[in-house]
There are 2 protein chains.
Amino acid sequence: MTIGDWTERFHGTRSLPRPVRDRLLASARVARYARGQTVFSPDNRPDNLLFLVEGTLRVSQTAESGREIVLYRVEAGESCVLTTACMLAEEAYNAEGLAETALVAVALSQQTFDLLAAEEPAFRKFVFAAYSRRLLDLLHVVDEVAFGRIDVRLAARLLALAGPAVEVSATHDDLARELGTAREVVSRVLQDFQKRGLVSQARGRVRLLSRESLTRIAASD
Amino acid sequence: MTIGDWTERFHGTRSLPRPVRDRLLASARVARYARGQTVFSPDNRPDNLLFLVEGTLRVSQTAESGREIVLYRVEAGESCVLTTACMLAEEAYNAEGLAETALVAVALSQQTFDLLAAEEPAFRKFVFAAYSRRLLDLLHVVDEVAFGRIDVRLAARLLALAGPAVEVSATHDDLARELGTAREVVSRVLQDFQKRGLVSQARGRVRLLSRESLTRIAASD
DNA sequence: CCGACTTCAGTGACATTGTCACTCTGCGTT
DNA sequence: AACGCAGAGTGACAATGTCACTGAAGTCGG
């Protein structure tokens with residue numbers, strides 16, 4: 001299966017002149033990952049820049065204790081800068097990238113990347129914007145974790161994970177990993193939400209009964 | 001007072017050819033900030049890239065509640081990418097940069113910055129490395145805040161703030177702002193440290209009596 | 001030097017969150 | 001049906017954050 005002209009899909013490449021794009025199409029490698037596969041981790045750092053064409057990549061951080069927190073998600077059309085960041089800073093880090101769905105990505109080699117960054121202002125801007133986005137994402141995480149209440153964060157996360165759907169398919173443990181807290185804590189808060197009629201629960205699923213109330217709780221952020 | 005050939009002081013500019021450096025020296029503006037001055041804040045974003053020639057810039061984030069946490073410090077020879085990040089991402093953020101000492105910085109305009117990024121691989125590398133460093137700094141903050149114990153963090157911070165000195169000049173409130181916690185919490189932990197003979201206290205100052213023990217505590221990270 | 005003020009630190013009661021050691025339950029497997 | 005296991009519930013306790021204070025240490029004008 002081919003993915004066609006992926007240069008069409010990125011702000012950073014869409015506006016490049018035809019010859020450059022052709023060169024890109026020729027030189028870049030298409031990488032695929034199965035759902036659930038680890039894209040990068042502390043002991044497995046890919047040495048090229050990833051552009052996500054399809055799917056969602058979940059980036060999280062894990063403590064020695066085993067507790068985990070989701071830092072952000074990379075969606076189609078975005079690039080994953082964290083691995084490059086680590087290459088450049090040459091420092092250990094404990095973030096991990098997991099394919100939340102099946103992924104199709106374009107991998108640019110270090111040289112191609114640098115060449116593009118040198119020659120194409122649009123591409124440069126795209127990459128800097130990608131870095132910026134992640135910086136701001138992390139600022140937001142710090143803010144939430146350092147100053148936010150757990151019920152507020154859970155309500156917000158449930159709404160985000162549900163999207164347009166009425167149900168979230170996640171265990172209490174999954175939700176705890178989203179927020180960087182413990183399963184018991186999620187259980188308690190969901191219990192409370194349930195008593196107040198905001199959600200109903202089944203094994204591995206949470207149904208949102210009152211989006212409105214949840215939104216209100218999430219907004220006391 | 002002049003600051004001489006500052007291009008000598010940055011990895012990103014040191015290796016540039018003479019003509020480029022001369023152009024830089026001519027076009028860049030030297031900015032000075034007094035100790036305690038706000039360099040940037042949510043409602044005052046400078047529109048250029050800052051290179052710190054002298055001094056220390058403290059970057060922190062403040063919650064609506066008023067609680068604050070120090071995200072990282074920018075030292076001489078480093079660049080402050082956060083403001084540029086926000087320009088590019090065009091999003092609100094609540095980080096603030098404060099001159100911890102008197103600062104001397106070089107401000108590059110957007111255009112000069114882009115020009116350099118286009119033409120000079122060394123400069124490009126420097127800037128990407130700067131972004132990367134901050135990303136990793138923030139990963140570390142998230143890790144600490146989400147998973148770390150307060151006594152461990154305080155011990156580490158005391159040692160870091162002291163440097164080679166035996167005393168830290170900071171109120172409990174200052175220390176709380178460093179860690180993103182409340183003054184009372186710092187008081188309690190310092191009280192405990194004091195009882196164990198690790199520190200002694202005076203108004204606005206903490207003297208480190210046993211670096212060794214503090215290091216041991218900080219290491220249970 | 002005195003008293004008024006302000007900043008800094010200490011304290012106890014209580015709320016929230018995290019940890020531990022369980023139990024119980026739903027659901028598939030054999 | 002019996003078993004095994006992941007998911008969820010629970011109570012006790014520890015750690016941290018919040019609130020409302022008190023008291024102590026510097027500062028300043030007179």
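In this text the structure is predicted, and so the values were computed from the model without any measurement.
- Protein atom CZ of A/Arg67 is 9 Å distant from nucleotide atom C1' of C/dT19, rounded to whole Å.
- Between B/Thr56 and the choices B/Arg73, B/Glu75, B/Arg35, the side-chain hydrogen bond (donor to acceptor under 3.5 Å, both in side chains) rule is met once, by B/Glu75.
- Donor-acceptor pairing under 3.5 Å is lacking for the side chains of B/His172 and B/Glu184.
- Side-chain atoms of B/Arg203 come within donor-acceptor range of the base of C/dT7, with a qualifying N/O pair under 3.5 Å.
- Using a 4.0 Å heavy-atom distance criterion, A/Gln191 is classed as a sugar-phosphate-only contact.
- Although no hydrogens or angles enter the test, the distance criterion places no donor-acceptor pair under 3.5 Å between the side chain of A/Arg207 and the main chain of A/Val199.
- Between the CG atom of B/Leu175 and the P atom of D/dT16 there is a distance of 16 Å, given to the nearest Å.
- Minimum atom distance to the side chain of B/Arg149 is reached by D/dA15, of the listed C/dT19, D/dA15, C/dG10.
- If B/Gln194 and A/Val185 are placed on DNA chain C by their nearest nucleotide, the residue sitting closer to the 5' end is B/Gln194.
- Here A/His172 reaches the OP1 or OP2 of D/dG9: one of its side-chain N or O atoms lies under 4.0 Å away.
- With rounding to whole Å, B/Arg183 atom CZ is found 11 Å from C/dT11 atom P.
- Between the CD1 atom of B/Ile150 and the C1' atom of C/dT16 there is a distance of 15 Å, given to the nearest Å.
- OP1 or OP2 of C/dA9 has not a single side-chain nitrogen or oxygen of B/Ser187 nearer than 4.0 Å.
- Comparing atom distances between the A/Ala182 side chain and each of D/dT16, C/dT19, D/dG7 picks out C/dT19 as nearest.
- Going from atom CG of A/Asp173 over to atom C1' of C/dG18 covers 14 Å, rounded to whole Å.
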Would A/Val81 and A/Phe128 count as a side-chain contact (heavy atoms from CB on, under 4.5 Å) if you check the C-alpha gap in whole Å, the side-chain angles of each, and the deciding distance to 0.1 Å?
CA-CA 10 Å; A/Val81 294; A/Phe128 280 124; over 6 Å; no

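- A/Ala202 comes within 4.0 angstrom of the backbone, heavy atoms only, and of no base.
- The nearest whole Å value for the distance from the CG atom in B/Leu190 to the P atom in D/dT16 is 13 Å.
- In this structure, the CD atom of B/Glu184 is 16 Å from the P atom of C/dC14, given to the nearest Å.
- You'll find the ring centres of A/Phe126 and A/Tyr131 outside the 6.0 Å limit.
- The residue B/Arg188 sits close to a base: some heavy atom pair falls under 4.0 Å.
- In this structure, A/Asp192 atom CG and D/dT10 atom P are separated by 13 Å, rounded to whole Å.
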